[in-house]
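Order of the sequence lines sets the chain letters (A, B, ...), proteins ahead of strands, with each chain counted from 1. Just so it is clear, the structure is predicted and the values come from calculations on it, not from any experiment.
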Number of protein chains: 2
Amino acid sequence: MVTDGLRSPAHDDGAAPAEETAVPAEPGSARWWTERALVDRRRRPRAGGLSTERIVETALEILREEGLEALTVRSVAERLGTSNASLYRHIASRDELIALIADHVMGDIRLDRTGRGWRADVEALMLEMRRVILSQPLPPSAGRSKSGSGSGPNMLRLVEFALALYREAGLTDRQAVYTTITMIEFVGGSTNIRRSPAGRGSNGVAGAADLRQLLDGLPADDFPALRTAGNLYTAASADDVFTHGMTLFLDGVASQLPSNQ
Amino acid sequence: MVTDGLRSPAHDDGAAPAEETAVPAEPGSARWWTERALVDRRRRPRAGGLSTERIVETALEILREEGLEALTVRSVAERLGTSNASLYRHIASRDELIALIADHVMGDIRLDRTGRGWRADVEALMLEMRRVILSQPLPPSAGRSKSGSGSGPNMLRLVEFALALYREAGLTDRQAVYTTITMIEFVGGSTNIRRSPAGRGSNGVAGAADLRQLLDGLPADDFPALRTAGNLYTAASADDVFTHGMTLFLDGVASQLPSNQ
DNA sequence: ACCTGAACACCGTTCAAGT
DNA sequence: ACCTGAACACCGTTCAAGT
């Protein structure tokens, strides 16, 4: 399954004189970011013309104002006052656009030390990550879910910051790497589900009544634990769950520090 | 933003005589599952006709054989030998189909006790969840990312099992609920990113060389931690990272047990 | 090198008409 | 109640032709 992304079932192996490009890099992957940096260098933008930057910012506007479904190549072009075909001079596909947006947004994450030790630093970082990811309107994992994700400049900057944090806290290089990746996955996972239908910043409480009703309709004897814990389950806010999960994570990290052994 | 899912910008408030339905429930939400259970009861299937079950199973075939992009309402209809319009007698939209698939797949998760204590039980459960989620071919969070997710019958069955596990381990009701949700989010998050371009069961090692090259091209002084930890970062396998994260999680849970205080 | 109108090959969904 | 052909209103992407 090498020609992923192509629609035609016909492969053209050997037809082209093999210009080293072989398989096109998947948007968001390490190779894609590498190749993109090279291509970007030989651009000759015109006065008042398009640019990747302008495209991404316009796309982000649409995303925030109208949601993911409204974000089409055509809608971006329209808002920019050009034809949709013009965008393909700067991005090769809609997937590329989304990969660019995903990393662009991560640039909003503030990377600050609190001065109150590693645990406070990590906690602040995780809350900040969550804040920014949730400020992204709709595609909970649109960009992040792609394979090889996390290779964009802003994600690398985040990884660098986190690695240093964990190393200074006392973890080994190996532990720091694994813990950093785990942290990123965990925060991402916490924003994937249990967001209320309304979207944005709501806490899941909105759907509590609906969930309550669903549980009430269940066969009484088949879900004893869910029955007794019912109210807690339906009313659990996403923020509280995140705080709890973060505590578990931090406790786990703490138990690996040399000072703890 | 109440008319989510509709394309027309025109609202028809007051036009319809308000048949209690108001806003249509979002596919995968608690209310949607509840309403669906009712509708399913008054079906009168014909001999050899369609059924939601057949549609979901056919869709899953396409998903496994050809990936998410190939899964269209039309392709499902074609494989079933009917017109695409016919499917709309059983599902109201493609989103509904995906929500049904997402929960259907969760039915493959085996819920067994190991007999070796809560920690072994939780570990087995998490590995089993991960196995099944990764066996789902491509939509890492297609169904799970929708708001209010986790209300399908198979997810409820999983939640029930996990709640009982944590309660018996010694957590309070509240802790058990929060820990269960955290666990589900964590496992989901671990399958969202860092899967190799090839898809399936690969461990991220596939893209190691590409990532290595990307790091080598970075400004030397800006990423010191990433530089020194570089090889570990590029070569980290998704399975090893998951195992590490699971250990952090389990250690965190252990520290909350009464026996630990 | 950049931009564009027009077209191609798809989508999901609806609806009137049939059984 | 169920099924369907045909159509509607979109998509992403390509390509020849322009500057």
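For B:Ser93, taking side-chain heavy atoms from C-beta onward, the closest of the listed nucleotides C:dG5, C:dT13, C:dC11 is C:dT13. Checked against D:dC3, C:dT13, C:dG12, the side chain of B:Arg89 finds its nearest nucleotide in D:dC3. Closest contact between the side chain of A:Arg74 and the listed nucleotides C:dT14, C:dG12, D:dT13 involves D:dT13. The side chain of B:Arg94 lies closest to C:dG12 when the candidates are C:dG12, D:dT13, C:dT4. Across D:dT4, D:dC3, C:dT14, the shortest atom-to-atom separation from the side chain of B:Tyr88 is found for C:dT14.
Rounded to whole Å, atom P of C:dC11 lies 13 Å from atom CG of B:Leu87. Rounded to whole angstrom, the span from the CD atom of B:Glu78 across to the C1' atom of D:dC3 amounts to 18 Å. Atom CZ of A:Arg54 is separated from atom C1' of C:dC2 by 14 Å (rounded to the nearest Å). When rounded to the nearest whole Å, the span between CG of A:Leu80 and P of C:dC2 equals 16 Å. What separates CD of A:Glu96 from C1' of D:dG12 is a distance of 13 Å, to the nearest Å. Atom P of nucleotide D:dA1 and atom CG of B:Leu50 are separated by 17 Å, given to the nearest angstrom. Rounded to whole Å, the distance from CD on A:Glu69 to P on D:dA9 is 19 Å.
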**Prompt:** Can you list the steps and then say if A:Leu100 with A:Trp33 is a side chain to side chain contact (heavy atoms under 4.5 Å, CB included)?
**Reply:** CA-CA 10 Å; A:Leu100 287 169; A:Trp33 282 108; 4.0 Å; yes
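The pairing partner recorded for D:dC10 is none, the criterion being a Watson-Crick or G-U wobble arrangement whose two distances lie under 3.5 angstrom. Across all strands shown, C:dC15 forms a Watson-Crick or G-U wobble pair with D:dG5, both key distances being under 3.5 Å.
Rounding to the nearest 0.5 Å places CD of A:Glu128 at 10.0 Å from CD1 of A:Ile133. Between the OG1 atom of B:Thr191 and the CZ atom of B:Phe186 there is a distance of 10.0 Å, given to the nearest 0.5 Å.
At a cut-off of 3.5 angstrom, counting only N and O atoms as typed in the model, there is no donor on one side facing an acceptor on the other between the side-chain of A:Asn84 and the base of C:dT4.
Judged purely by atom type and a 3.5 angstrom limit, A:Arg36 has no side-chain atom pairing as donor or acceptor with the backbone of A:Gly28.
If you check every strand for non-hydrogen atoms under 4.0 Å, B:Ser86 touches a base.
When the side-chain nitrogen and oxygen atoms of B:His90 are compared with OP1 and OP2 of D:dC3, one or more of them lie within a distance under 4.0 Å.
Using a 4.5 Å heavy-atom cutoff, the side chains of B:Gln213 and A:Arg31 are not in contact.
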